[in-house]
Number of protein chains: 2
Amino acid sequence: MSTIEDVARLAGLSRTTVSRVINNHPYVSDSKKKVVLEAMDELGYVPNSSARSLRNQKTEIIAVFIPRVLNPFFSQFIESLEMASSARNYQLIVCQTQYSKSKELTYLNLLKTKQVDGVILASLENDWSKIEPFTDYGPIVLCNEFEEDASVPMIRLDQTFGGYIATKHLIEQGHTHIGYCCGGHRSNVAKERERGFRQALMEAGLTFDENAAFRNAFNIEDGKRVFHELAALENRPSALFTGADEVAAGVISEAKKNGWSIPSDLAVVGFDNQAITELLDPMITTVQQPVCEMAQKAMDIMIEKINRKSYAAREVYQFPLKLIIRDSTGGKKLANV
Amino acid sequence: MSTIEDVARLAGLSRTTVSRVINNHPYVSDSKKKVVLEAMDELGYVPNSSARSLRNQKTEIIAVFIPRVLNPFFSQFIESLEMASSARNYQLIVCQTQYSKSKELTYLNLLKTKQVDGVILASLENDWSKIEPFTDYGPIVLCNEFEEDASVPMIRLDQTFGGYIATKHLIEQGHTHIGYCCGGHRSNVAKERERGFRQALMEAGLTFDENAAFRNAFNIEDGKRVFHELAALENRPSALFTGADEVAAGVISEAKKNGWSIPSDLAVVGFDNQAITELLDPMITTVQQPVCEMAQKAMDIMIEKINRKSYAAREVYQFPLKLIIRDSTGGKKLANV
DNA sequence: TTGAAAGCGCTAACAG
DNA sequence: CTGTTAGCGCTTTCAA
C-alpha cells in the first residue's frame, strides 16, 4: 500500500507535485507530470480515501433512508438513485429505517459524524422537529416524502393529483361507492393521496365510507387480507382505490380465488406501475410515478447543496403522475383526466 | 463542529483522556470520565469518522456488489444484508454492476482506495483472474455466486441440488420432456442448476432438449417472451424449469392469456420463493433459498476477516435449498426428494 | 513551475 | 490514572 510519499520519492519530486498531478492542477510541467504518472503506475498507487476525506472535509458518500428495500417502489428508487450517484462519482449508503423512529434517528448520526456528505430522506418516521436539528450538520433532501414546513429541498410527486385521477377514473366508470386503501399512517404521501381521493368523491357528490377504508396495507399479503375484510362488509363498495400495485394484486388474486369477477364485482386501481400490473388477469390500472427522474433530480440537488455548502433553504420540485388505464377498472380506454 | 480538542479544553483535560472515554478504555477515573462526558454533551460533540478511519485504517463500511436491486432476489438479499450490517455497526454501500465487467472492476477500486473495509460479491462478471489481484487490498467474500478456484471465503447455496429437486419433482409428475430456462450466461449459479437439471434427467433416462433451452430470462417480460418461443416449438415440452419466480410468473401469465391451462398444458417450476408465487392461479411451485441466513453468514465472515486481517483463504459455507410444492406443477403434494 | 511545512481530527506509544 | 508527542495520508498556503 504505497503512499503519496512513496510516489514522490520514486519520481524524485515533492509530495506537492504528486498531489497536483492527482488533482489535475495546472502549473505542472508535462515532463514532471509524466514522471509522476509513471511512478504512480509502477507502484500501483491509489490515493487513500480516508486521508482525502479528512483533508477535504468531504467523503463523496451519500446516505439514503427508506423503510425497506423489498418494497418494489423503494427497490426501484434505490436502483435509480444508485445509478444517478455512481454517474456522479458518489457512493450510496442504504439505510433501512424499518419504519422505526429510533433507527431513523440513529442513522442520522452519519451526518453528524461526517461519514456521509448528505442524507436523502425518502421516508419519514419522526416529526420534523426531531429531524430539523440535523440540518446543521449537512444537507438533508426530502425525496418522495415531504413536509410542508421544512426548510430543505423537496423533490416530490403530486400525490394529491395521483389520488384524484385514479378516483375520478373509477367514478367515470360509474362507481358511486369506492373503498380506500393505503399503507402507512404518518406518511404525508398517503395523506395527500387521500386528499385527492376525497376531492374526487366530493366533486361527484359522493361520500367517504370510513368502514371501507383500510390504512395498513403494504404488500400482497395485506391485499389478500383487505379483500376478506372488504368482502365481510355489510355494505360493500363496488370499487377499491389502493396505494400500491402489490396490494391491488393481492386483492385481485384473492377475489378471483373466491369466485369474484374483476372488474365487474370489484374494480381495483393500483399505484406505482410495477411489473406486477401486467401479470395478472385482468391487468391492473395504476398510477405511474416518475421514480427515475425524481431520483436523478434529488441527486443533482444534493450535490449542488454539498458544493455550495449552503443548505437549509426550502425549494420544491414537483413531478407529475400519470394514470395508466388497464383492465382491472373496466378497461374502457377513456380519455385521461 | 467541535473537535476532541474543544472537548479536552472545556473539560480541562488532555485529548488523550477524552479519546479514552470515547473508546471506553480502562484507566480513566470515574470523576474525570464524568467531566469529559459532560463536556461532550455540552458541545454536542461527535467524533469525526474520517479522522478515525485515517487513524485506525478502517472505515466500518462494506460494499456489496449485485447486478441490480430491482431483481427481487437481490432486493431480498440487500434487505437482509443491510439488517445484518447495521446490527454489527457497519454501513453498507450498494454497488450495481449492471452486468457490466468494467463497472465491476471500477467498483473494486473502493477496496484499493480504502473507502471500504471489504467487498461482498453476490454476482460475478469478470473472470476470477481479473478479480483476484484485488484480494491484496482487503477481504473479498463471495456470497451466492462462487468460483471453484478462488482463495476466498464463499457462502453459497447448493444450486445443483436445487436444480435437481425441482426437476426430479417434474419427472415424478410424469413429465418426460422438460424445457430449461435460466438467466445469465457466465454465472456459475446457472451452470450448477443446469448440472442438477441434467442429472435428474439422466437418472430418469431423459435427454436435454437444447431447442427447449432459454438462457436469457431474468424477469416477467422475459417469461412472456419465453412462453411464445416455447409455444412456437415444433416439439413442445410438457414442463418447464425456470431460474426465477418472475420468469415462471411471466410464462404462466402469458400461457393463460393464450388459453393454455396450467399445469395440464404446461407445468412450470420457479425459483426463489418470492411473494409473487402465491399471487397467480395456479400458485407456483418453487425452490426456497435461505437468503437471510446466507446474508448473515456473509457478514459475520466478512467482519471476522476484517478483524483478523488475514484474508485470502478458501473456506466454503453451504446452505441447503428446499422445494416448495404448489399448484403450477400439478399440486399433488408428493413427498419431498 | 516547484517545494517546505502546517494541519485536517483522531489514537497510541511512551513517559510519568 | 493522565499527558506529551508523533504520526495516519493528503492538500494547500506561502515562499522561492
Side-chain angles (χ1 to χ4, degrees), chain A residues 1-37 39-40 43-61 109-117 137-138 309, chain B residues 1-37 39-40 43-61 109-117 137-138 309:
Chain A
M1 256 83 316
S2 47
T3 73
I4 199 172
E5 177 75 48
D6 301 326
V7 177
R9 197 157 30 217
L10 180 60
L13 292 163
S14 72
R15 267 149 47 205
T16 312
T17 304
V18 177
S19 175
R20 287 201 177 102
V21 173
I22 294 171
N23 295 288
N24 269 311
H25 273 287
Y27 305 133
V28 182
S29 66
D30 285 352
S31 60
K32 310 262 175 187
K33 188 170 186 169
K34 208 175 125 217
V35 179
V36 170
L37 257 12
M40 280 171 40
L43 294 171
Y45 169 79
V46 185
N48 178 296
S49 290
S50 303
R52 302 188 90 180
S53 294
L54 177 58
R55 176 64 232 227
N56 296 335
Q57 306 282 21
K58 54 197 301 244
T59 60
E60 321 227 285
I61 303 178
N109 285 313
L110 289 174
L111 207 51
K112 281 184 103 163
T113 61
K114 297 283 171 212
Q115 190 151 32
V116 301
D117 291 341
Y137 301 96
K309 297 176 176 226
Chain B
M1 258 84 309
S2 47
T3 72
I4 198 172
E5 177 74 49
D6 301 327
V7 178
R9 198 157 29 216
L10 180 60
L13 293 162
S14 73
R15 271 152 40 210
T16 311
T17 305
V18 177
S19 174
R20 287 201 178 103
V21 323
I22 294 172
N23 296 288
N24 269 312
H25 272 288
Y27 307 136
V28 182
S29 67
D30 285 351
S31 61
K32 309 264 176 187
K33 188 168 185 169
K34 209 176 126 218
V35 179
V36 170
L37 256 12
M40 281 174 37
L43 293 171
Y45 169 80
V46 185
N48 178 296
S49 292
S50 303
R52 302 189 89 178
S53 295
L54 177 58
R55 177 64 233 224
N56 295 336
Q57 305 284 21
K58 54 196 301 243
T59 60
E60 320 227 286
I61 303 178
N109 284 313
L110 290 173
L111 208 52
K112 281 183 102 163
T113 62
K114 297 284 171 211
Q115 189 150 31
V116 301
D117 291 341
Y137 300 97
K309 295 173 177 233

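Numbers restart at 1 for each chain; the letters A, B, ... are given by sequence-line order, proteins then strands.
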| Is the closest side-chain donor-acceptor distance between A:Thr16 and A:Ser19 under 3.5 Å? | no

| Looking at A:Ser14, does any N or O in its side chain come under 4.0 Å of the phosphate oxygens OP1/OP2 on C:dG3? | yes

| Side chain A:Thr113, main chain B:Ser49, donor-acceptor under 3.5 Å | no

| message | Between P on D:dC10 and CD on A:Glu60, what's the gap in Å once rounded to a whole number? | response | 15 Å

| message | If I take atom CG in residue A:Leu54 and atom P in nucleotide C:dG9, what distance separates them, rounded to the nearest angstrom? | response | 7 Å

| message | Test side chain to side chain contact (heavy atoms under 4.5 Å, CB included) on B:Lys34 and B:Val21; report intermediate values, then the result. | response | CA-CA 9 Å; B:Lys34 209 176 126 218; B:Val21 323; over 6 Å; no

Got a list of protein N/O to nucleotides 12-16 of chain D N/O distances below 3.5 Å?
| unit_1 | atom_1 | unit_2 | atom_2 | d |
| --- | --- | --- | --- | --- |
| D:dT12 | O4' | A:Arg55 | NH2 | 3.3 |
| D:dT12 | O4 | A:Thr16 | OG1 | 3.2 |

| Interatomic distance where CZ belongs to A:Arg9 and C1' belongs to C:dG3 [whole Å] | 16 Å

| query | Hey, does A:Lys114 have a side-chain heavy atom less than 4.5 Å from the side chain of B:Met1? | reply | yes

| Heavy atoms under 4.0 Å, any strand shown: does A:Pro47 hit a base, just sugar-phosphate, or nothing? | sugar-phosphate

| request: Could you tell me the separation between the CG atom of A:Asp6 and the P atom of D:dG9, rounded to a whole number of Å? | output: 9 Å

| query | So do the side chains of B:Ile22 and B:Arg52 get within less than 4.5 Å of each other, counting heavy atoms only? | reply | yes

| Do any side-chain nitrogens or oxygens of B:Ser29 fall under 4.0 Å of OP1 or OP2 in D:dT2? | yes

| said: With a 3.5 Å distance limit and no angle check, can you tell me whether A:Asn48 reaches the backbone of A:Ser50 through a side-chain donor-acceptor pair? | reply: yes

| How long is the line joining CG of A:Asn24 and P of D:dT11, in whole Å? | 12 Å

| request: Measure from the side-chain heavy atoms of A:Ile4 and tell me the nearest of D:dC10, C:dG9, D:dT4. | output: D:dC10

| Quick one: does A:Thr3's side chain get under 4.5 Å of A:Arg9's, heavy atoms only? | no

| field | Atom of A:Leu13, atom of A:Val36 and distance for their closest heavy-atom approach | value | CD1-CG2, 3.7 Å

| request: Report the distance from atom CD of A:Glu5 to atom C1' of C:dA5, rounded to the nearest whole Å. | output: 13 Å

| task | Five pairs at each end of the helix from C:dT1-D:dA16 to C:dG16-D:dC1: take the axis at both ends and give me the angle between them to 10°. | result | 40°

| So, is A:Gln57 near the phosphate of D:dT11, with a side-chain N or O under 4.0 Å from OP1 or OP2? | no

| field | Integer-rounded Å distance: D:dC1 P and B:Lys33 NZ | value | 11 Å

| message | Which nucleotide wins on minimum distance to the side chain of A:Tyr27, given the candidates C:dT1, D:dC8, D:dG3? | response | C:dT1

| task | Spell out, as yes or no, whether a donor-acceptor pair under 3.5 Å connects the side chain of B:Gln115 to the backbone of B:Ile61. | result | no

